[in-house]
S.K.: 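This is the structure, below, for whatever I ask next.
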Amino acid sequence: MIDDQIIKLIELESLFTLVQISVLKDDYLVVEFLSDSRPKTRVEKEALVAYICEWLDLNRDLTSFYKMARQDPLLKEVVERFPGLRLVGVPDLFEALCWAVLGQQINLNFAYSLKRKFVESFEESITYKGRKYWAFPSYEKLANLSVEDLAVIKMTGRKSEYILGIAKLMSEGELSKEKLQQIKDFNHVEKELISIRGIGPWTANYVLMRCLRYPEAFPIADVGLMNAIKYQLRMDRKPSSEEILKLSSGWTGWEAYATFYLWRVRY
DNA sequence: AGCCAGGAGATTT
DNA sequence: AAATCTCATGGC
């Protein structure tokens, strides 16, 4: 990502396309298709644009969020610092789940390096102008691996078990984004996710917010959120869950966005 | 050097 | 049910 431009390898219907998105005049996004794997039909092109709209949450009307946030002591500064920021999603369910499990209880830098090794060890890349672009490993591929295979990249046994279990559930068709989308009730989807081994309240809400796109999803016990609140309010300790509940009482329906904006705060 | 990290499950009280 | 222990590597 070079400030106002990003290149991403997008997979749709097992077709890989290298897409470049850039900002034009602060107001428009220009989408260009790179490499040889350009979309051939109008339908394919429109599907890619739809994917990008979902990924960057472009169709969300943030008016009421900003109206609320400008009055909120915790949010008013961050919404001024990052105007227009949208909740960047992780459209692929397996990727969202893996990313969440990888990030459980380890520092972010280690999580990033683990994810990088995970992707580079278990998936292919394409090269464009001397740079490699990676797709995320598929659950079919992971379902055939073992804890020992994952130990090579310093994944702990527990994380490996969780990810392999999830890969198996998805391979068997027991778990899919489509199935979760059919359940309309937020609490019901959350319960369904938490029933899976390795997925607790934090992971479930992380996925609800970044993949299933529920703006009311709220990973309340998130350490990054706690530290951001601590920093914003100049506290000498991390806030308790009760304090966070109280501070977030005005966020109703926008908890995911509030969390995402606070994640941008570096402390 | 020691604490803790964008937690979850198992065990104990 | 609620508190406590275990996993376990690496960053600071």
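Here is how names work: the chains are called A, B, and so on, in the same order as the sequence lines, proteins then strands, and each is numbered from 1. All heavy atoms count here, side chains included; hydrogens, waters and symmetry mates do not. Given the structure is predicted, the values throughout are model-derived calculations rather than measurements.
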S.K.: Which nucleotide of DNA chain C is the first, and which the last, in the 5' to 3' direction, to come under 4.0 Å of a heavy atom belonging to chain A?
M.R.: C:dT6 to C:dC12
S.K.: State which residues pass salt bridge (charged side-chain N to carboxylate O under 4.0 Å, His left out) with A:E46; sequence neighbours excluded, sorted by chain then number.
M.R.: A:R42
S.K.: Taking side-chain hydrogen bond (donor to acceptor under 3.5 Å, both in side chains) as the cut-off, I'd like each qualifying pair that reaches into residues 203-213 of chain A, sequence neighbours left out, listed once.
M.R.: A:W99-A:Y206, A:Q104-A:T203, A:E190-A:N205, A:Y206-A:R210
S.K.: When you compare C:dA8 with B:dG2, how far apart are their C1' atoms, in angstrom units rounded to a whole number?
M.R.: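 Per the computed distance, 15 Å lies between those C1' atoms.
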S.K.: When you compare B:dA1 with C:dC7, how far apart are their P atoms, in angstrom units rounded to a whole number?
M.R.: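 It comes out at 23 Å once rounded to the nearest Å.
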S.K.: Going by the rule salt bridge (charged side-chain N to carboxylate O under 4.0 Å, His left out), which residues pair with A:R86 if we only count those two or more places apart in sequence or in a different chain?
M.R.: none
S.K.: Spell out protein contact along nucleotides 7-13 of chain B as letters: B when the base is contacted, S when just the sugar-phosphate is, - when no protein heavy atom is under 4.0 Å; keep the 5' to 3' order.
M.R.: BSSS---
S.K.: Suppose we screen for salt bridge (charged side-chain N to carboxylate O under 4.0 Å, His left out). Which residues come up paired with A:E255, at least two apart in sequence or across chains?
M.R.: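 If we apply the salt bridge (charged side-chain N to carboxylate O under 4.0 Å, His left out) test to A:E255, skipping adjacent residues, there are no hits.
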S.K.: Please report, to 0.1 Å, the donor-acceptor pairs under 3.5 Å made by any side chain of residues 239-246 of chain A, with sequence neighbours excluded.
M.R.:
unit_1, atom_1, unit_2, atom_2, d
A:S240, OG, A:E242, OE1, 3.4
A:S240, OG, A:E243, N, 3.2
A:S240, OG, A:E243, OE1, 3.4
A:E243, OE1, A:R237, NH1, 3.0
A:E243, OE1, A:S240, N, 2.8
A:E243, OE2, A:R237, NH2, 2.9

S.K.: Which of residues 230-241 of chain A have a heavy atom under 4.0 Å from DNA chain B?
M.R.: A:K238
S.K.: Can you name the salt bridge (charged side-chain N to carboxylate O under 4.0 Å, His left out) partners of A:E44, sequence neighbours left out?
M.R.: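 Once residues adjacent in sequence are excluded, A:E44 has no partner under the salt bridge (charged side-chain N to carboxylate O under 4.0 Å, His left out) criterion.
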S.K.: Going by the rule side-chain contact (heavy atoms from CB on, under 4.5 Å), which residues pair with A:V223 if we only count those two or more places apart in sequence or in a different chain?
M.R.: A:N227, A:K238
S.K.: If you assign A:K159 and A:N109 each to the DNA chain C nucleotide with the nearest heavy atom, which residue ends up on the more 5' nucleotide?
M.R.: A:K159
S.K.: In the hydrophobic clustering that connects Ile, Leu, Val, Met, Phe, Trp and Tyr at side-chain heavy-atom distances below 4.5 Å, which members other than A:V30 occupy its cluster, ordered by chain and number?
M.R.: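 Its cluster mates, by chain and number, are A:L24, A:Y28.
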S.K.: Just to be sure I understand the rule, does A:Y112 reach a base, reach only the sugar-phosphate, or reach nothing, if contact means heavy atoms closer than 4.0 Å?
M.R.: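 The residue A:Y112 makes base contact.
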S.K.: Would you confirm whether the ring centroid of A:F136 sits within less than 6.0 angstrom of the ring centroid of A:F122?
M.R.: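 Centroid separation for A:F122 and A:F136: 6.0 Å or greater.
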S.K.: Quick one: side chains of residues 71-81 of chain A, donor-acceptor pairs under 3.5 Å with protein atoms, not counting sequence neighbours, listed by atom name and distance.
M.R.:
unit_1, atom_1, unit_2, atom_2, d
A:D72, OD1, A:L74, N, 2.8
A:D72, OD1, A:L75, N, 3.1
A:D72, OD2, A:W251, NE1, 2.9

